[in-house]
Amino acid sequence: MSTSPQHDRILVLGIGNILWADEGFGVRVVEEFHRRYVVPDNVTILDGGTQGLYLVNYLEEADRLIVFDAIDYGLEPGQLKLVRDDEVPRFTGAKKMSLHQTGFQEVISAADLLGRCPEHLVLIGCQPLDLEDWGGPLTQPVRDQIAPAIELACQILADWGIELRQRSEPLVASERLLANDIDHLNYEMRPA
């Protein structure tokens, strides 16, 4: 591993399923983070969606990891909770949408078994209100936490010595994390 956080490989990851209302929180946060900021070459921004164990390769390549996800902590809907390092695995097995979906806890465990789990883990979780609305948008309390979750991530990155640059020009369609009209603006925010 590298000796300086500025040279560490950092993964900023959003996970979840945008088709199940608040379950899409992590994906929507990382999408907005990417829309707002240009990151240094050692930082990767990834929409992990519901890729499950396919994410292990990305974790193996990272020294530091920030994950956005909807997590049932038993808190008030929309409340953010920040969990770090050794505390991360015990909170990530909350709710699976199907028997075929691998929880992120299993992804972390697999990377750890391979001897290549990121040294520093940060989970920025949001308490969901609704995980059952197939095709539904984020609920308002969860949507309201997108910007605060990004601010937390920016502070963590700054603490790690990472300088972000706010985008001065809007992203062109080919640079968006999500395409084919499943990005937040086109999918959830379209007029009725």
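Note that these values count all heavy atoms, side chains included, but never hydrogens, waters or copies made by symmetry. Residues take their numbers from the sequence shown, with the count starting at 1.
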### Task
Mind checking the CZ-CD1 spacing from Arg35 to Ile45? Nearest 0.5 Å is all I need.
12.5 Å

### Query
How far apart are the closest heavy atoms of Tyr73 and Gly125, and which atoms are they?
OH-CA, 3.5 Å

### Closest heavy-atom pair and its distance - Gly78, Gln145
O-CG, 2.6 Å

#### Entry: Side chain Asp22, main chain Leu129, donor-acceptor under 3.5 Å
yes

### Query
Would a 4.5 Å heavy-atom cut-off, applied to side chains only, mark Val29 and His34 as touching?
no

### Option among Val27, Leu46, Asp47, Leu55 that satisfies the side chain to side chain contact (heavy atoms under 4.5 Å, CB included) test with Ile15
Leu55

### Query
Looking only at heavy atoms, what is the nearest atom pair of Ala149 and Phe68, with distance?
O-CE2, 3.6 Å

### Message
Using side-chain hydrogen bond (donor to acceptor under 3.5 Å, both in side chains), reason through Asp159 and Gln155 one step at a time and then give a plain yes or no.
### Response
CA-CA 6 Å; Asp159 292 347; Gln155 183 57 56; 2.7 Å; yes

### Task
Could you please spell out the steps behind the side chain to side chain contact (heavy atoms under 4.5 Å, CB included) verdict for Ile162 and Asn42?
CA-CA 9 Å; Ile162 302 302; Asn42 65 316; 3.8 Å; yes

### Task
Would you sort out whether Asp63 and Glu119 count as a side chain to side chain contact (heavy atoms under 4.5 Å, CB included), showing the intermediate values?
CA-CA 6 Å; Asp63 300 303; Glu119 184 177 349; 5.6 Å; no

### Query
Of Leu123, Ile124, Leu75, which is the lone residue that meets side chain to side chain contact (heavy atoms under 4.5 Å, CB included) with Lys81?
Leu75

### Beyond-backbone contact of Gln166 with Tyr37, side-chain heavy atoms, under 4.5 angstrom
yes

### Task
Using a 4.5 Å cut-off on heavy atoms from C-beta on, say whether the side chain of Ile66 contacts that of Leu152.
no

### Task
Taking all non-hydrogen atoms of both residues into account, name the closest pair between Leu80 and Cys126 and its distance.
CD2-CB, 3.8 Å

### Message
Taking salt bridge (Lys or Arg N to Asp or Glu O under 4.0 Å) as the definition, give me every residue that meets it alongside Arg36, ordered by chain and number, with sequence neighbours left out.
### Response
Glu32

### Summary
By side chain to side chain donor-acceptor pair (under 3.5 Å), Glu151 pairs with (sequence neighbours left out) none

### Task
Flag the pair Arg9 and Asp41 as a salt bridge only when some basic side-chain nitrogen lies within less than 4.0 angstrom of an acidic carboxylate oxygen.
no

#### Entry: Arg28/Glu31 salt bridge by N-O under 4.0 Å criterion
yes

### Message
Quick one, Leu121 and Val67 - any side-chain contact, counting heavy atoms below 4.5 Å?
### Response
no

### Within-4.5 Å side-chain heavy-atom neighbours: Val30 and Leu13
no

### Query
Can you find a heavy atom in the side chain of Trp160 that is under 4.5 Å from one in the side chain of His120?
yes

### Message
Atom CD of residue position Glu76 - does it have more than 12 heavy atoms of other residues, nucleotides or ligands inside 6.0 Å?
### Response
no

### 4.5 Å side-chain heavy-atom contact, Pro77 and Thr139
no

### Query
Out of Val56, Leu65, Ile108, which one pairs with Cys117 under the side chain to side chain contact (heavy atoms under 4.5 Å, CB included) rule?
Ile108

### Working for side chain to side chain contact (heavy atoms under 4.5 Å, CB included), residues Arg84 and Ile156
CA-CA 11 Å; Arg84 291 178 182 263; Ile156 291 160; 3.8 Å; yes

### Query
Is a donor on one side and an acceptor on the other found under 3.5 Å between the side chain of Asp69 and the backbone of Ile71?
no

### Message
A side-chain contact here means heavy atoms from C-beta on lying under 4.5 Å apart; do Phe33 and Val39 qualify?
### Response
yes

